[in-house]
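Order of the sequence lines fixes the chain letters, A, B, ..., with proteins taken first and strands second; residue numbering starts at 1 for each chain. These values consider heavy atoms only, across backbone and side chains, with no hydrogens, waters or symmetry-generated copies.
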Amino acid sequence: MKSRYKSYKTVEDLPKLAGETVTLRGWVYKKTGKGKLQFIQLRYGTGIAQCVVFKNNVTEEAFAKAKALTQESSLTVTGKVVASGKAPGGYEIDAAGLEIIHISQDYPISAKEHGDSFLIEHRHLWLRSARQHAIMRVRAVIIKAIRDFFDASGFKLMDSPILTPNACEGTSTLFETKYFDLGKAYLSQSGQLYAEASAMALGKVYTFGPVFRAERSKTRKHLTEFWMVEPEMAFFDLDDDMDLAEDLVEYIVECALRSCQKEFAVLQRDISALERIKRPFYRISYSEAVEWLQKNKVPIIRKIDGRDVESPFPWGEDFGTVQEEALMEQFDKPCIIHRYPAAVKAFYMKRDPADDKLSLAMDMLGPEKAGEIIGGSQREDDYDTMLERIKEDKLDEADFKWFLDLRKYGSVPHSGFGLGVERVVKWITGAKHIRETIPMPRMIHRIIP
RNA sequence: UCCUGAGUAGCUCAGCUGGUUAGAGCAUCUGACUGUUAAUCAGAGGGUCCGCGGUUCAAGUCCGUGCUCAGGAGCCA
């Protein structure tokens with residue numbers, strides 16, 4: 001693309017420019033000095049180039065400027081590109097001239113270690129560090145892979161509203177806001193119900209946007225605001241739904257492996273664990289999973305009178321972190337668990353025709369303690385049954401009239417799922433905490449920056 | 001919301017059964033150095049020991065309380 005805007009040579013261009021004189025712009029990532037020699041690691045975008053300023057090669061003024069530079073000061077530097085085995089990246093700039101744009105004072109993030117709390121308070125600056133760069137680049141690749149996957153498979157992007165009149169699933173706590181004279185509105189926790197309407201209009205659709213959960217969660221895998229992609233497909237049954245989920249995840253990992261080798265090196269990510277992520281993944285039913293838990297003596301722990309009481313895992317309970325992690329320890333690839341008890345799943349999921357106690361629901365759990373990365377189901381498509389479920393869950397019928405219309409006018413079997421982008425980024429990058437996987441995380445005690 | 005832990009220099013932390021002027025490394029500033037990449041060496045500055053109240057001759061240390069943060073549970077993607 002030919003740009004009408006200013007275009008500068010950047011660090012990435014250096015290998016092509018050996019022997020030439022270039023002017024680079026950027027920030028000081030690190031600086032070390034040794035008398036008449038100053039070494040500046042110049043940061044621009046995602047690359048770092050070493051610039052060497054030798055006193056005898058530049059004016060006294062330029063050398064004084066080089067000495068005055070501090071971490072994260074901005075500058076332009078002009079010099080010859082030379083190959084050097086000692087320079088990170090293999091090339092360095094032998095500086096001939098140097099101009100300071102701005103001197104940074106007391107930059108708070110040093111090369112030394114910092115605590116979690118300190119770093120997240122300085123998220124706006126933390127993003128400048130190499131590790132965070134790498135995670136953000138992988139995130140961008142993952143998001144592009146998701147869009148490419150759907151766009152190339154006949155899906156249409158259909159955005160869902162963020163302001164909604166009610167809870168989609170009736171369970172999670174919602175963020176509340178005023179909506180003119182119509183009373184309260186809530187920030188969406190899922191675009192799914194709207195995606196169903198879109199799927200009836202366009203066949204195969206996906207929504208991709210931020211969703212909000214006002215749960216008072218305090219864990220390394222929860223955010224109050226996160227990005228979710230939700231495909232919804234007319235005429236798909238649960239098996240189609242699970243196949244699609246596998247195809248998507250396999251494709252995401254494949255793209256990341258193809259485009260993010262440098263990033264994985266920075267992150268010291270074990271690539272071999274990702275190279276194993278090939279279809280078919282594992283697939284077991286909820287009932288099979290419960291049997292496994294019972295056979296392997298993985299208990300359920302309940303609080304009774306403030307004390308932890310262990311008992312064998314009973315059929316009918318939802319899995320907690322303990323059960324999920326125990327199950328996943330046997331797998332080196334994602335595993336889909338399907339056909340959960342209807343009682344622990346959402347009202348809009350279709351019951352299993354073979355067993356009314358079961359929902360045609362599925363969750364995909366990732367390996368390496370990634371946890372739940374996908375949740376989905378075949379949807380209830382019968383008008384009367386859906387109406388009954390809405391009443392059972394004590395939801396306001398008036399809010400769901402339009403949703404019931406989808407079952408009234410040419411209802412068809414359909415399915416979909418939601419994939420949590422940050423959960424996937426966390427798994428693929430090996431980030432310790434989900435707060436590192438989004439530029440500006442929103443968490444229960446954190447809204448700045 | 002519940003359980004557990006933490007709060008001492010800009011950052012990361014040490015500081016014993018209460019005791020005299022509260023320490024280290026890094027960062028910052030000054031000086032030396034032509035190959036650094038966590039540079040090295042010499043020197044300097046830097047503290048409301050989270051707030052409030054209490055016990056005591058004496059509190060960073062003990063007690064009470066409040067605030068802030070972290071990890072986990074539940075909920076979920």
*Asks:* Can you say whether a donor on the side chain of A:Q38 sits under 3.5 Å from an acceptor on the base of B:U36, or the other way round?
*Replies:* no
*Asks:* With heavy atoms under 4.0 Å as the rule, sort A:Q105 into base, sugar-phosphate or nothing.
*Replies:* nothing
*Asks:* Tell me the interatomic distance from A:H122, atom NE2, to B:A27, atom C1', rounded to whole angstroms.
*Replies:* 14 Å
*Asks:* Which nucleotide sits closest to the side chain of A:E372: B:U34, B:C76, B:U36?
*Replies:* B:C76
*Asks:* When rounded to the nearest Å, what value does the distance between P atoms of B:A6 and B:C63 take?
*Replies:* 12 Å
*Asks:* Do A:Y91 and A:D13 pair up side chain to side chain, a donor and an acceptor below 3.5 Å, judged on atom types alone?
*Replies:* no
*Asks:* Considering every strand and a 4.0 Å limit on heavy-atom distances, what is the contact class for A:K31: base, sugar-phosphate, or nothing?
*Replies:* nothing
*Asks:* Taking atom types as modelled and ignoring hydrogens, do the side chains of A:S73 and A:W27 form a donor-acceptor contact shorter than 3.5 angstrom?
*Replies:* no
*Asks:* Side chains of A:S104 and A:Q71: donor-acceptor distance under 3.5 Å anywhere?
*Replies:* no
*Asks:* Taking atom P in both B:C26 and B:G43, compute the distance separating them and give it to the nearest angstrom.
*Replies:* 13 Å
*Asks:* Does A:G33 reach a base, just sugar-phosphate, or nothing at all? Heavy atoms under 4.0 Å.
*Replies:* base
*Asks:* Taking any strand in view, what nucleotide pairs with B:A58 in a Watson-Crick or G-U wobble way, both distances under 3.5 Å?
*Replies:* none
*Asks:* Measure from the side-chain heavy atoms of A:R446 and tell me the nearest of B:U34, B:A70, B:C76.
*Replies:* B:A70
*Asks:* By nearest heavy atom, map A:F226 and A:H433 onto RNA chain B; which one lands nearer the 5' end?
*Replies:* A:H433
*Asks:* In whole angstrom, give me the gap between the P atoms of B:G15 and B:C62.
*Replies:* 12 Å
*Asks:* When you compare B:G10 with B:G71, how far apart are their P atoms, in angstrom units rounded to a whole number?
*Replies:* 24 Å
*Asks:* Figure out the CG/P separation between A:L174 and B:C75, and round it to whole Å.
*Replies:* 17 Å
*Asks:* Say we look at B:G72 and B:G46: how far apart would their P atoms be, to the nearest angstrom?
*Replies:* 40 Å
*Asks:* Whom does B:G31 pair with, Watson-Crick or G-U wobble, provided both distances fall under 3.5 Å?
*Replies:* B:C41
*Asks:* Establish, from distance only, whether the side-chain atoms of A:Q378 and A:H414 form a donor-acceptor pair under 3.5 Å.
*Replies:* no
*Asks:* OP1 or OP2 of B:C76 sitting under 4.0 Å from any side-chain N/O of A:R216?
*Replies:* no
*Asks:* Expressed as a whole number of Å, how far does the C1' atom of B:A58 sit from that of B:C41?
*Replies:* 43 Å
*Asks:* Does a side-chain N or O of A:T32 approach OP1 or OP2 of B:A38 to a distance below 4.0 Å, or not?
*Replies:* no
*Asks:* Checking base pairs now: Watson-Crick or wobble, both atom distances under 3.5 Å. What partners B:A6?
*Replies:* B:U68
*Asks:* Between B:G72 atom C1' and A:E215 atom CD, what is the distance in whole Å?
*Replies:* 16 Å
*Asks:* Check for me whether the distance between the ring centres of A:F212 and A:F226 falls short of 6.0 Å.
*Replies:* no
*Asks:* Under a 3.5 Å cut-off for both contacts, is B:A73 paired Watson-Crick or G-U wobble with anything, and if yes, with which nucleotide?
*Replies:* B:U1
*Asks:* Have a look at A:Q41 and tell me which of A:K30, A:Q50, A:K31, A:E92 forms a side-chain hydrogen bond (donor to acceptor under 3.5 Å, both in side chains) with it.
*Replies:* A:Q50
*Asks:* So A:K36, base contact, sugar-phosphate only, or nothing? Heavy-atom distance under 4.0 Å.
*Replies:* sugar-phosphate
*Asks:* Rounded to the nearest Å, what distance is computed from the CD atom of residue A:E230 to the C1' atom of nucleotide B:C76?
*Replies:* 13 Å
*Asks:* Measuring only the C1' atom in each nucleotide, how far is B:A9 from B:G45? A whole number of Å is fine.
*Replies:* 11 Å
*Asks:* Whole Å only: how far is the CD1 atom of A:I434 from the P atom of B:C76?
*Replies:* 16 Å
*Asks:* Would you say A:T321 reaches B:A73's phosphate, i.e. side-chain N/O to OP1/OP2 under 4.0 Å?
*Replies:* yes
*Asks:* How would you label the contact of A:D318 with the nucleic acid (heavy atoms, under 4.0 Å): base, sugar-phosphate, or nothing?
*Replies:* sugar-phosphate
*Asks:* Heavy atoms from C-beta onward define the side chain here; which of B:A77, B:A70, B:A27 lies closest to that of A:R435?
*Replies:* B:A70
*Asks:* With heavy atoms under 4.0 Å as the rule, sort A:T219 into base, sugar-phosphate or nothing.
*Replies:* base
*Asks:* Are A:Y206 and A:F149 close enough that their ring centers fall under 6.0 Å?
*Replies:* no
*Asks:* Could a donor-acceptor pair under 3.5 angstrom be found where the side chain of A:S217 meets the base of B:C75?
*Replies:* yes
*Asks:* Please measure how far the C1' atom in B:U36 lies from the corresponding atom in B:C11, and state the result in whole Å.
*Replies:* 23 Å
*Asks:* Starting at CD of A:E324 and ending at P of B:G72, how long is that distance when rounded to a whole Å?
*Replies:* 15 Å
*Asks:* Is it the case that B:A70 (base atoms only) and A:K218 (side chain only) share a donor and an acceptor within less than 3.5 Å, ignoring hydrogens and angles?
*Replies:* yes
*Asks:* Could you tell me whether A:K333 sits above the aromatic face of A:Y282, with NZ or CZ closer than 6.0 angstrom to the six-membered ring centre and within 45 degrees of the axis?
*Replies:* yes
*Asks:* What is the distance, rounded to the nearest whole Å, between atom NE2 of A:H222 and atom P of B:U1?
*Replies:* 17 Å
*Asks:* Could you tell me the separation between the CD1 atom of A:I109 and the P atom of B:C11, rounded to a whole number of Å?
*Replies:* 12 Å
*Asks:* Which is more 5' along RNA chain B, the nucleotide nearest A:V52 or the one nearest A:D106? Just name the residue.
*Replies:* A:D106
